[in-house]
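Here's the structure we're looking at; comments come further down.
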Amino acid sequence: MKYIVRLQAEITVKSKSVRSRHGKLLTANLRIQLKALDPLIKVKWLWDRIEVVLPEQPSDALSTAVVERLQSTPGVLHFERVQYHPLTDFETLLDWVLSFKRAQLVGKSFAIRVKRKGHHSFSSQDLARYIGGGVKERVEGTQVKLKGAEEEVVLMIAEDDVFLVERRFAGLGGFPLPSQETVLSLMSGGFDSTVSSYQMIKRGARTHYCFFNLGGDLHEAGVREISYYLWKRFSPTHPVKFVSIDFAPLVDVILTHVDNGLMGVVLKRTMLRAAALATRYVNAQALVTGEAMGQVSSQTLSNLAVIDEVTSKLVLRPLIAMDKQDIVDIARRIGTEPLAAAMPEYCGVISNKPTVKADLERVKQAEQAITDEMIEAQVYNAEVIDIRQLHDAQMEKVSLAAAVNDTSLEKVILDIRSNDEVEQAPLQNTEYSVEHLPFFKLESAFAGLPKDRQYLLYCDQGIMSRMQVLHLRELGYTNVAVYERAEKTVE
């Protein structure tokens, strides 16, 4: 089995040297990820395409994993699963096409599309007419229809190779990592910061994460999980860091010394001051925030200008002109929507009547109590963790099903996915009974569940279940752990 990978269109119009650099980066990224799935997979850069060749008769699990990796790698416009045949005579190619497509074409209208590269004694139309005529003659009930056909048969010819397209998959687009410079993303774990981080990864920037802990341990646990998810899915070829800064002492100063209407702007300025210092840990050239123009009072153009004035660092806002629903839609598409929706929040600074047009001089006067030394002390004492260690650190806090040995309790799996997810892929388990309780009802409903059971929480990625286990244990429940399937798809 073979996949033909196409580079994002914006790359193909760049200069020869830039295109070559991007192509080689993407090839290297794919090779690292796919060979981790199976060392026999071959990845080859051929200028106008990348060919991925799987071992003969790959398992369904391997094929699925390869598609997931190709769909999640920045720089891929689209890719096709193809069958291969050497370029021979037309009759042989017709027999080959029919061996794969005959059953699919019976009783349907069809079109033959031939794309050709190289020097040949025939044209693309010559081959298309021959294959089309042969199909019409040999397959019952077929008719040629060049526009609006029920089925399309796509053949791609590259010099002496012929590829029959079985299926096309959409890719992420964007640029391969790390074709752009490094950034530090301010992460709260909600929709905005999550999607803005994803947008920077997609654009080819190595994206590190900076979290300002305002006092909630559960919030930090959630942000760690969602940061790890983004890295693991979209940029696992390049390790990054997670920087956690204790911001509670600075929030106390803001609450004590800053007028209520200016608190939001001052908090954002303080965060930028700290984040600019934190770039030293990751050598980042810019800061990234999830702000969208006009979404809240601190995000008016006037206030954003006042906020940006506090640092000479470039501040990037990928979502600046996006509607909230567009942001939520992207989160749903990339798999972070349920995580962001359930993210615990802690806000130590809430203005009753926030200003929408802060005066710079008043803001500077108000924040004099927040000295550079205070901020430096918090950044100096920040926890800087390799993203690859976040998962292991979180797992140390959570008991997995395999570690649950209390035989006196009946074990029940609680599937905490949404209704739609459960309907699409029901969890089958013969060892324990399975009950469904969506994550957003879990905290309120858990107290009413029978106490003589051990509840094993399940979700597709394992992230939401770990977050909820940590939260329930903080609330004092001990009869809860994480369930993971024994038969996992290849990652």
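Since the structure is predicted, the reported quantities are computational estimates derived from the model, not experimental observations.
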Parallel, tilted or perpendicular: rings of Phe169 and Phe79 (30°, 60°): parallel

Plane angle bin for Phe446 and Tyr455 - parallel if under 30°, tilted between 30 and 60°, otherwise perpendicular: perpendicular

Contact check, side chains of Leu177 and Leu25, non-hydrogen atoms, under 4.5 Å: no

Side-chain heavy atoms of Thr182 within contact of Asn283, under 4.5 Å: no

Ion pair check, Arg167 and Glu80, cut-off under 4.0 Å: no

Geometric cation-pi criterion, Arg203 with Phe175: 6.0 Å, 45°: yes

Residues that Thr336 engages under side-chain hydrogen bond (donor to acceptor under 3.5 Å, both in side chains), provided they are two or more places apart: none

With Gln325 via side-chain hydrogen bond (donor to acceptor under 3.5 Å, both in side chains) - residues at least two apart: Asp329

Set of residues satisfying salt bridge (charged side-chain N to carboxylate O under 4.0 Å, His left out) with respect to Arg206, sequence neighbours excluded: none

Residues which pass salt bridge (charged side-chain N to carboxylate O under 4.0 Å, His left out) with Glu181, listed by chain and number, not counting sequence neighbours: none

side-chain contact (heavy atoms from CB on, under 4.5 Å) partner of Glu291, chosen from Leu304, Asn303, Leu186: Leu304

Residue pair Arg233, Tyr229: steps toward the side-chain hydrogen bond (donor to acceptor under 3.5 Å, both in side chains) verdict: CA-CA 6 Å; Arg233 180 168 179 185; Tyr229 171 84; 2.9 Å; yes

From Met187 atom CE to Tyr209 atom OH, the distance as rounded to the nearest 0.5 Å: 6.5 Å

Contacts of type side chain to side chain contact (heavy atoms under 4.5 Å, CB included), residue Pro338, not counting sequence neighbours: Phe439, Met464

List, one per line, each side-chain donor-acceptor pair under 3.5 Å for residues 369-378, sequence neighbours excluded.
{"from": "Thr371", "atom 1": "OG1", "to": "Met374", "atom 2": "N", "distance (Å)": "3.1"}
{"from": "Asp372", "atom 1": "OD1", "to": "Arg273", "atom 2": "NH2", "distance (Å)": "2.8"}
{"from": "Gln378", "atom 1": "NE2", "to": "Asp246", "atom 2": "O", "distance (Å)": "2.8"}

Neighbour count above 12 (heavy atom, 6.0 Å) for Lys324 NZ: yes

Pair Thr73-Gln33, side-chain donor/acceptor within less than 3.5 Å: yes

